[in-house]
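Written below as structure tokens is the structure these notes are about.
Values below: every heavy atom of this structure, side chains too, minus hydrogens, waters and symmetry copies.
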Amino acid sequence: MKNKICISHKEDVDGISSAVLIKTAFKVNTVILVDYANMIKTLRSMVSSIFNSLTKIDHLFICDLGLSKKNENEFVQILKEMIEAKCKVTYIDHHDLDKKILLELKKIGVKLFHSTDECTSIHIYNKYKRKFSSYSAFIAAAAALTDYLETKPIASNLVSRFDRQFLMLEATALSYMISSSQHDNDFLMTIVDDLSQNKYPHDI
């Protein structure tokens, strides 16, 4: 069985929803939730475990994790090392990205889906929509709503499929659960697992 890992942003609905969608579409074995502060450290430890032959990673998905001037070069270097170790890397994000870094990521072989036009969950849903059910459209729509990007072209089409009150209630409940559980990684993982099994936020 291939070892697929998803690293996603733990601090908001878009990051958690991105992890849920990737887990659903690609049957990833492991989801790792990080914040901006420990993203590089987490990636670095993955590289170490690959090179010490402790782990083989076949495919790494990185979602909703923007870069800064401080970490962008190291990010590129780490991904280069992973690709050299025969790990496929897919990076999906909507934060501002330096054109130079964007080109470097493509050059080293990262599969990149990047645009500031829509939130990350919408990018994932739109790119792999054949792999998803209508429930997954709900997860992506909730992410767009809480990221204040629900009026963007693809998002507004998805959002319009649902009763707005229901969507707002569920998205707000999910947002509250995530923000109030930042120090409880186990519960954040429970949210990812439950949403991957088509549970609605009010059921969790």
Side-chain angles (χ1 to χ4, degrees), residues 1-12 14-132 136 140 143-144 147 149 152 154 192:
M1 187 169 152
K2 292 205 164 179
N3 186 19
K4 300 174 192 169
I5 295 177
C6 173
I7 294 186
S8 197
H9 189 202
K10 69 185 261 187
E11 295 175 306
D12 63 13
D14 193 24
I16 297 291
S17 294
S18 295
V20 170
L21 293 172
I22 290 292
K23 185 176 163 106
T24 303
F26 293 95
K27 310 284 183 274
V28 297
N29 322 53
T30 309
V31 170
I32 301 168
L33 300 173
V34 298
D35 54 24
Y36 295 121
N38 68 357
M39 167 176 76
I40 292 291
K41 190 173 145 208
T42 304
L43 287 169
R44 182 55 67 205
S45 70
M46 276 188 185
V47 172
S48 300
S49 72
I50 290 172
F51 282 102
N52 294 328
S53 304
L54 300 172
T55 321
K56 181 183 185 326
I57 302 171
D58 296 290
H59 199 158
L60 173 66
F61 296 88
I62 303 168
C63 305
D64 196 39
L65 286 162
L67 306 179
S68 66
K69 287 279 172 246
K70 213 166 75 177
N71 67 15
E72 58 190 14
N73 291 314
E74 191 174 358
F75 182 79
V76 171
Q77 183 54 37
I78 291 171
L79 297 196
K80 186 169 186 255
E81 288 170 31
M82 293 189 115
I83 288 166
E84 283 167 358
K86 305 282 184 284
C87 170
K88 273 167 73 177
V89 178
T90 300
Y91 178 39
I92 310 167
D93 189 53
H94 73 115
H95 299 92
D96 282 328
L97 187 59
D98 189 304
K99 288 272 193 301
K100 181 170 74 76
I101 296 296
L102 198 134
L103 290 171
E104 280 182 39
L105 287 168
K106 284 184 173 169
K107 198 165 86 181
I108 62 172
V110 173
K111 200 171 186 188
L112 186 69
F113 302 110
H114 177 269
S115 162
T116 54
D117 293 347
E118 307 264 358
C119 70
T120 304
S121 300
I122 293 285
H123 286 317
I124 296 169
Y125 180 82
N126 195 47
K127 179 70 195 162
Y128 303 112
K129 60 166 88 77
R130 285 195 307 258
K131 295 175 181 283
F132 293 126
S136 297
D147 252 19
L149 291 168
K152 299 291 184 176
I154 304 166
V192 171

## Note on the structure
On a heavy-atom basis, the closest approach of G66 and D93 is CA-OD2, 3.7 Å
### Message
Could you measure the distance from the OG atom of S115 to the CD1 atom of I92? Nearest 0.5 Å is fine.
### Response
12.5 Å
#### Entry: Student check: side-chain heavy atoms of E11 and L33 closer than 4.5 Å
no
### Message
Show every salt bridge (charged side-chain N to carboxylate O under 4.0 Å, His left out) that has at least one partner inside residues 14-28, sequence neighbours left out.
### Response
K23-D193
### Message
Pair K69, D98 - check side chain to side chain contact (heavy atoms under 4.5 Å, CB included), show working.
### Response
CA-CA 9 Å; K69 287 279 172 246; D98 189 304; 2.7 Å; yes
### Task
Taking E118 for its side chain and I154 for its backbone only, find out whether a donor-acceptor pair lies under 3.5 Å.
yes
### Task
Please report the C-alpha distance between D117 and L149 in whole Å, then the side-chain angles of each, then the deciding distance to 0.1 Å, and finally whether the side chain to side chain contact (heavy atoms under 4.5 Å, CB included) criterion is met.
CA-CA 8 Å; D117 293 347; L149 291 168; over 6 Å; no
### Query
salt bridge (Lys or Arg N to Asp or Glu O under 4.0 Å) with K107: which residues, sequence neighbours excluded?
none
### Task
Please report the shortest heavy-atom distance between C6 and A19, naming the atom on each side.
SG-CA, 4.0 Å
## Note on the structure
d(K152 NZ, T116 OG1) to nearest 0.5 Å is 7.0 Å
### Query
What distance separates L103 CG from I108 CD1, expressed to the nearest 0.5 Å?
12.0 Å
Let me check something: any side-chain donor-acceptor pairs from residues 77-85 under 3.5 Å, sequence neighbours excluded? List them with distances.
| unit_1 | atom_1 | unit_2 | atom_2 | d |
| --- | --- | --- | --- | --- |
| Q77 | NE2 | E81 | OE2 | 3.1 |
| E81 | OE1 | R44 | NH1 | 3.3 |

### Query
Do the side chains of D147 and H94 get nearer than 4.5 Å, heavy atoms only?
yes
### Query
Stepwise, does the side chain to side chain contact (heavy atoms under 4.5 Å, CB included) test hold for L105 with V76?
CA-CA 6 Å; L105 287 168; V76 171; 3.9 Å; yes
### Query
Are more than 12 heavy atoms from other residues, nucleotides or ligands located less than 6.0 Å from atom NZ of K2?
no
### Task
Could I get the full list of side chain to side chain donor-acceptor pair (under 3.5 Å) partners for D12, not counting sequence neighbours?
none
### Query
Considering all heavy atoms of both residues, which atom of A143 and which atom of C119 are nearest to each other, and what is their separation?
C-SG, 4.0 Å
### Message
Over 60° means perpendicular and under 30° means parallel, so tell me whether Y125 and F132 are parallel, tilted or perpendicular.
### Response
parallel
### Query
Residues in ring-ring contact (aromatic ring centres under 6.0 Å, His included) with H59, at least two apart?
F61
### Task
Calculate, to the nearest 0.5 Å, the distance between atoms CD1 and CG belonging to I7 and L43 respectively.
4.5 Å
### Task
Measure the shortest side-chain to side-chain distance between V31 and S8 over non-hydrogen atoms and say whether it is less than 4.5 angstrom.
no
### Query
Is there a donor-acceptor pair closer than 3.5 Å between any side-chain N or O of N3 and the backbone N or O of D58?
no
### Message
Any side-chain to backbone donor/acceptor pair from S68 onto K70? Under 3.5 Å, distance only.
### Response
yes
### Task
For D35, enumerate each residue passing the salt bridge (Lys or Arg N to Asp or Glu O under 4.0 Å) test, keeping only those at least two apart in sequence or located in another chain.
none
### Spacing of CZ belonging to F113 relative to CD1 belonging to I124, to within rounding of 0.5 Å
10.0 Å
## Note on the structure
For D64 and G15 the tightest heavy-atom approach is OD2-N, 3.1 Å
### Heavy-atom side-chain proximity of I62 to V110 below 4.5 angstrom
no
#### Entry: Note, M39 side chain near V34 side chain (heavy atom, < 4.5 Å)
yes
#### Entry: Intermediate values then yes/no, side chain to side chain contact (heavy atoms under 4.5 Å, CB included), N73 and K100
CA-CA 10 Å; N73 291 314; K100 181 170 74 76; 4.2 Å; yes
### Query
In Å and rounded to the nearest 0.5 Å, what is the CG to OG1 distance from L21 to T120?
10.5 Å
### Query
Is there a donor-acceptor contact under 3.5 Å from the side chain of Y91 to the main chain of H114?
no
### Message
Strictly distance-based, threshold 3.5 Å: is any side-chain N or O of N29 a donor or acceptor partner for the main-chain N or O of K4?
### Response
yes
